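Note that the coordinates shown come from a computational prediction; the quantities given were computed from them, not determined experimentally. Per chain, numbering begins at 1; letters A, B, ... match sequence-line order.
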Amino acid sequence: MSSPFKGLWLITASFIIALMLSVIPLPTWAVWWRPEWVLLVLIYWAMVAPERISVGVAFMLGLIVDVLNGQAFGANALAMIIVTYIVGKFNHQLQVSPHWQQTLGILVLTAGYQLINLWLQAWLNQSAMTAAYWLPSLTSMLVWPWVFILLQDFRSRFGVA
Amino acid sequence: MGLRTLFFALLSLTLMVLDQRGHYFTNVRNGLSVVVVPIQYLVDGPVRFVNWVEDSLTSRANLLAENDTLKAQQVLLQAQIQKLRTEQQENTQLQALLQSSAQSYGKLLVAELLAVDSDPGSQQMILNRGTKQGVYVGQPVLDASGVMGQVIEVSPYTSRVLLITDNRSAIPIQDSRNGYRAIATGEGSLGSLRLVNVPATADFQVGDKLVSSGLDGRYPVGYPVGTISKALRNTGQPFMNIIVQPAGRLYQSRLVLLVWPAQQVTTPLKFGALPSNEGSHTKEKKS
């Protein structure tokens with residue numbers, strides 16, 4: 001009954017909003033604290049709709065993020081692919097685990113995503129490293145419950161996937 | 001799924017390497033900008049709208065228009081004054097020989113920053129001018145107070161500028177006090193510049209004003225780059241440790257200037273040689 005395009009608008013809208021949030025200007029003190037919105041939304045959809053949102057989508061999304069941020073073309077793509085693959089593999093465990101375990105899993109996934117980006121940047125001699133680099137992993141973990149609940153709400157309301 | 005992941009992973013790595021080595025994917029990146037540019041404008045829009053509402057409540061529409069024109073003119077005039085001051089200094093120091101070439105201004109274009117922040121580890125900004133207005137990769141960008149950076153990517157309606165404080169940026173400078181030359185690279189999120197490979201015997205002091213030397217053929221000559229804030233010689237080290245605070249208000253200016261380096265003007269030789277007048281921005285064929 002569900003066609004592959006049902007609810008595509010919700011998924012696309014959530015990605016667009018995540019992309020917007022990733023570039024919205026923040027006051028100087030807050031710049032390093034920005035959560036990885038695009039990654040969080042990707043993880044959510046990869047968790048609940050793994051057949052539709054898998055590595056191909058992650059690849060395209062990563063390329064868009066690379067162009068948006070002016071980073072190496074393919075860096076975020078690779079990092080997102082790996083995270084999506086892991087979410088796909090451990091999909092079942094992630095879905096049934098208690099909330100605190102899930103949140104911890106998000107911390108690990110986001111830190112892993114940042115680590116891959118860091119390696120790739122260092123490989124291309126583009127890294128500028130401060131301790132504050134890891135703050136997004138922390139804030140992503142903190143906002144995850146809200147992202148999860150919000151998207152679950154919209155998803156059930158519009159009967160998507 | 002593992003196989004597909006591997007395929008995409010290898011594809012990403014290939015893209016990264018090729019993009020860095022040969023910039024083969026500029027067209028693809030520009031293609032993706034169709035998705036990216038609306039997002040940037042979507043984010044910039046509300047910020048701009050709020051600013052506009054503020055303005056409207058305090059003045060009328062034609063005062064606003066006049067205000068904008070005056071601001072743009074002011075940026076242009078201040079830029080010209082900076083350049084003239086350096087030229088004056090240079091003239092009093094040079095011997096009065098016949099000049100065989102002189103570099104003057106080409107076109108200037110005012111651009112605005114889009115209110116978009118990206119990755120705080122890299123110092124970049126997005127302008128609302130692109131290839132439709134003739135912006136090209138490698139073009140220098142200035143503000144009223146000094147050099148800001150150069151264009152590294154263009155799409156039809158926007159362009160991306162690498163600020164001189166980014167750690168991938170290097171600009172050749174000259175000390176305006178004694179003409180000593182060096183290269184200033186960015187220090188990243190610290191917002192300062194560092195002079196590299198300056199021998200300990202060099203004469204750089206705190207407070208020296210540094211200007212662009214134009215040796216790279218990219219940045220126009222004589223533009224303020226920054227002021228030395230630290231100049232340390234450590235005993236036993238062959239190089240000095242010099243930190244520079246940039247002159248341009250890199251994180252505050254909303255209006256910036258895009259510069260086209262002008263024609264090289266040569267005075268005609270007595271026996272009737274033709275002056276060369278290729279526009280030097282066509283020389284900016286980038287690899």
Side-chain angles (χ1 to χ4, degrees), chain A residues 15-28 30-34 50-51 54-56 58-82 84-86 88-89 117-118 120-121 123-130 132-133 135-136, chain B residues 1-2 4-20 23-26 28-40 42-44 46-47 113-126 152-153 155 160-162 166-168 186-190 251:
Chain A
F15 279 131
I16 289 182
I17 293 178
L19 284 166
M20 283 174 61
L21 284 173
S22 72
V23 290
I24 208 166
L26 290 179
T28 329
V31 173
W32 288 101
W33 298 80
R34 194 195 297 266
E51 345 71 46
S54 76
V55 284
F59 177 70
M60 283 304 304
L61 198 63
L63 289 183
I64 292 177
V65 172
D66 281 328
V67 176
L68 186 61
N69 286 343
Q71 289 170 341
F73 195 56
N76 272 293
L78 184 61
M80 286 191 172
I81 287 171
I82 293 179
T84 313
Y85 178 68
I86 294 177
K89 273 242 117 124
N117 263 326
L118 188 64
L120 293 172
Q121 278 177 26
W123 179 46
L124 298 170
N125 298 320
Q126 284 174 11
S127 67
M129 189 50 183
T130 78
Y133 178 77
L135 282 173
Chain B
M1 182 166 83
R4 257 195 313 165
T5 311
L6 196 60
F7 164 71
F8 278 115
L10 288 174
L11 185 60
S12 309
L13 282 171
T14 319
L15 285 177
M16 265 192 289
V17 171
L18 286 179
D19 184 53
Q20 216 209 5
H23 304 284
Y24 290 112
F25 294 103
T26 350
V28 181
R29 287 183 85 128
N30 285 345
L32 279 179
S33 72
V34 170
V35 175
V36 164
V37 169
I39 290 178
Q40 290 169 332
L42 270 177
V43 170
D44 178 66
V47 176
L113 254 52
L114 290 186
V116 167
D117 267 1
S118 55
D119 163 28
S122 74
Q123 318 299 308
Q124 296 174 357
M125 55 186 191
I126 313 276
I152 52 173
E153 243 180 62
S155 66
R160 183 180 291 277
V161 175
L162 189 73
D166 188 286
N167 57 10
R168 286 171 285 172
E187 295 215 283
S189 48
L190 293 174
Y251 305 106

Judged by atom type as modelled, is there a donor-acceptor pair below 3.5 Å linking the side chain of B/R168 to the main-chain atoms of B/S122? no
Determine whether a donor-acceptor pair (N or O, by modelled atom type, separation under 3.5 Å) exists between the side chain of A/S54 and the backbone of A/P50. no
Given heavy-atom pairs under 4.5 angstrom as the criterion, report whether the side chain, backbone, both or neither of B/V17 touches chain A. side chain
Top contributor to chain A interface from B/V35, B/L10, B/L11 [non-hydrogen pairs under 4.5 Å]: B/L11
Identify which of B/A9, B/S33, B/P46 forms the greatest number of heavy-atom pairs closer than 4.5 Å to chain A. B/A9
Between B/R160 (side chain only) and A/V67 (backbone N and O only), is there a donor and an acceptor less than 3.5 Å apart? yes
So, using side-chain hydrogen bond (donor to acceptor under 3.5 Å, both in side chains) as the criterion, who are the partners of B/T5 when residues are at least two apart? none
The interface call for A/Y85 against chain B, heavy-atom contacts under 4.5 Å, is both
Identify which of A/L19, A/I81, A/V23, A/T84 forms the greatest number of heavy-atom pairs closer than 4.5 Å to chain B. A/V23
If I measure from the heavy atoms of chain B, does A/L63 come under 4.5 Å with its side chain, its backbone, both, or neither? both
Of the backbone (N, CA, C, O) and the side chain (C-beta and beyond), which part of A/D66 lies under 4.5 Å from a heavy atom of chain B, both, or neither? backbone
Show the nearest heavy-atom pair for residues B/S12 and A/F59, with the distance to one decimal. OG-CE1, 3.3 Å
For residues A/L120 and A/Q71, determine if any side-chain heavy atom of one lies less than 4.5 Å from a side-chain heavy atom of the other. no
